[in-house]
There are 2 protein chains.
Amino acid sequence: MVTLAEVAQHAGVSASTVSYVLSGKRSISTTTRQRVEESIRTLGYHPNAGARALASSRSNIIALMIPLRTDMYVPVMMEIAIAVATTARAHGYDVLLLTGEEGPDAVRRVTGSGLADAMIVMDVELRDERLPLLRGTDRPSVLIGLPADTSGLTCVDLDFRATGALCVEHLASLGHRDIAVIGEAPGVYERHTGFAERTLQGLRGRALELGLRLLHRPCEGGYDAMALTLSRIFDERPGTSGFVVQNEAAVEPLLALLRQQGRAVPEDVSVVAVCPEQVATQASVRLTSVAVPAQEMGRHAVEQLVAKLGGRGSDEVVLLPPELTVRASSGPAPGWAGP
Amino acid sequence: MVTLAEVAQHAGVSASTVSYVLSGKRSISTTTRQRVEESIRTLGYHPNAGARALASSRSNIIALMIPLRTDMYVPVMMEIAIAVATTARAHGYDVLLLTGEEGPDAVRRVTGSGLADAMIVMDVELRDERLPLLRGTDRPSVLIGLPADTSGLTCVDLDFRATGALCVEHLASLGHRDIAVIGEAPGVYERHTGFAERTLQGLRGRALELGLRLLHRPCEGGYDAMALTLSRIFDERPGTSGFVVQNEAAVEPLLALLRQQGRAVPEDVSVVAVCPEQVATQASVRLTSVAVPAQEMGRHAVEQLVAKLGGRGSDEVVLLPPELTVRASSGPAPGWAGP
DNA sequence: CCGGCCTGTCGAAGCGCTTCGACGGAGTAT
DNA sequence: ATACTCCGTCGAAGCGCTTCGACAGGCCGG
């Protein structure tokens, strides 16, 4: 294992000079710098992470807390994680992967041990136990998701309320009057995960404004659960012609069941999904959808953190505007004459 | 930030004593130990990770290299990552998340800087550039996946060859004689990712032994690509009655197209998938499938690594035996009289 | 009763790096 | 020429921990 001292000796300078070449914190003459860089290359030197962390009390590591469960939004999680990792690397940081399993203790451990300089917290619940800890530490953090009280916190999320509104608007503009919402599994609502409730608020609010009827049904993923949910929806509102789906695992079962019941998409019923692009484009019908901008969320979170670590940046809530892409699953309501 | 020295002072002992209480590397009297532990608790002490790494030259971190692309096996990757993270924590390790983006340099950086004590490498290609580096370092590593030459390496993977054989056997036992294989995207084969080729070998080998006809077609995910692939398959082999699918993104499009063409599953055609349980059970038809044991692979990889770090364990290739679960997508071939 | 041997504790020497103050020498202003 | 500044470099002091050797005291067997 090559050390700074060896590089210094090889280049014929002192250790501190090598350190300053590496950090750029003091000016070094071009000739010296080049000689040092040459030595670094020929010796294949890599600074020891532990020593660096100890001396500078900065680890150049960002902790990423991902949810333990894999019952929802798996591709989104993955995409965020990858975006976080690549963006972090571009800024010279590595990423430590923590699962929600440890709960609040993970926050204590990371801040207490100086393992990471900053944290990104995913899957935030409305009154998450980790929030007081995050507020009480001087280590920067960014939440992906929105808790009930965002004071003193930095958050990034899709504007799910606007997303809900957008879906309703789109269906309304096509003449649909009776809309059913296939939501996440009941557990998601019981846990008070913010995004599901905010989407619902957006949906309900705009439906009310536009005078549409809206029926919301949580739904476990899978074919059987979907079958039950769907039959109940049509029992209650036979005239339903528009669907909003916010549950990846329900998308295909819904399409399959509609097809099986002889309801053509988009001729008889329209479907709008809130899901990652990949799901929307690879479904058996190409879905009109609002994409969850996973990559952008991950990237943004890291950039916020880097700014904070650099003394810039501030606490604020960033809600990314939703974008609806029209594909093959939505069309005019049956018998609609147009606007 | 509380330090060892402060704990020592609070407990009225020397710093080394506290260290030995923490590590258990020397015997400490019960009274002293309890006093120290009490101090640790009341002060909320967490050992500084950097200092610990520097002094002991062990970081208690395991690096996990995940593929950058998200074009295949996303839920599997995620499941493995989570299993790795939780298992590692159970053994006192944290997990550093690296993407394939850096390529071989990531290996150099991690080993050179002492950032991690060991590595888990996913998405291994047959002649992966990282392999020589892994062989040449004294840091333990485990591959998830199987390269062409496994000498000097430790690998964990599903036995994809046996998986292929198992799928063919199942279809053969139901009287199917003409089998089509919907594979991963062509790129996956061009990249020479091992698992796809090994599955194919298993399929072909057993088909030959059992006298079945087998047609293999790579396929991009999505509806349109699948439609093209499927029509070509039926053009070439109109009697095809059994499908093996190894491509998550092709599963639903395949089912949708078969349905649309009036071919009932499993009455007219049978489908066997190689995919995660979740995909199999949440598809629009509950799929007979061989599960990719993602969790077990992740867990096993970590345990191998921990054993190696403890001086136990050795280089070996572990191929997990496949298990086929019969669900609703496979049944007797049309017109088959039984065995 | 003494030498040898555990057991439990301590002191001190680093681990490899960052960073602060110091300093020689060149350049600039007086 | 003097006084001053600025630039480039160096030496040394830690950062908080682990770990090695030392040592005091209690126990044993001879």
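These values consider heavy atoms only, across backbone and side chains, with no hydrogens, waters or symmetry-generated copies. Residue numbers start from 1 in every chain, and the chains themselves are labelled A, B, ... in the order their sequence lines are given, proteins ahead of strands.
The stretch residues 24-36 of chain A touches DNA chain D through A:Arg26, A:Ser27, A:Ile28, A:Ser29, A:Thr32, each having a heavy atom under 4.0 angstrom from the strand. Sorted by residue number, the members of residues 43-60 of chain B with any non-hydrogen atom under 4.0 Å from DNA chain C read B:Leu54, B:Ala55.
Base contact: A:Ser19 has a heavy atom under 4.0 Å from a base atom.
Remark: B:Leu319 pairs with B:Leu146, B:Asp157, B:Asp159, B:Arg198, B:Val317 by the side chain to side chain contact (heavy atoms under 4.5 Å, CB included) rule, at least two apart or across chains. Shown here are the side chain to side chain contact (heavy atoms under 4.5 Å, CB included) partners of A:Asp94, two or more places apart in sequence or in another chain: A:Ile61, A:Arg89, B:Leu96, B:Leu98, B:Arg109, B:Leu115. Considering only residues two or more places apart in sequence or on other chains, A:Tyr93 meets the ring-ring contact (aromatic ring centres under 6.0 Å, His included) condition with none of them. In this structure A:Glu125 satisfies the side chain to side chain contact (heavy atoms under 4.5 Å, CB included) test together with A:Arg69, A:Asp128, A:Arg191, sequence neighbours excluded. Applying the side chain to side chain contact (heavy atoms under 4.5 Å, CB included) criterion to B:Arg41, with sequence neighbours excluded, gives B:Glu37, B:Glu38. Applying the salt bridge (charged side-chain N to carboxylate O under 4.0 Å, His left out) criterion to B:Arg135, with sequence neighbours excluded, gives B:Asp149.
Note that the first and last nucleotides of DNA chain D, 5' to 3', having any atom under 4.0 angstrom from a heavy atom of chain B are D:dG16 to D:dA22.
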Exercise for the section: Check step by step if side-chain contact (heavy atoms from CB on, under 4.5 Å) holds for B:Met78 and A:Ile66. Expected result: CA-CA 10 Å; B:Met78 194 72 187; A:Ile66 62 170; 4.1 Å; yes

Practice task
Would you sort out whether A:Thr17 and A:Ser14 count as a side-chain hydrogen bond (donor to acceptor under 3.5 Å, both in side chains), showing the intermediate values?
Solution key: CA-CA 5 Å; A:Thr17 301; A:Ser14 76; 3.2 Å; yes

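Between its two ends, the helix from C:dC1-D:dG30 to C:dT30-D:dA1 turns its axis by 40°, counting five pairs per end and rounding to 10 degrees.
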Can you give each donor-acceptor pair under 3.5 Å made by side-chain atoms of residues 292-302 of chain B, sequence neighbours left out, with the distance rounded to 0.1 Å?
unit_1   : atom_1 : unit_2   : atom_2 : d
B:Arg299 : NH1    : B:Glu303 : OE1    : 3.3
B:His300 : NE2    : B:Gln304 : NE2    : 3.4

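Residue pairs meeting the salt bridge (Lys or Arg N to Asp or Glu O under 4.0 Å) criterion with at least one member in residues 16-36 of chain B: none, sequence neighbours excluded.
Partner of B:Val142 under the side-chain contact (heavy atoms from CB on, under 4.5 Å) criterion, out of B:Thr154, B:Val121, B:Ile62, B:Leu134: B:Thr154 alone.
A donor-acceptor pair under 3.5 Å is absent between the side-chain atoms of A:Arg52 and the main chain of A:Ser59, judged by distance alone.
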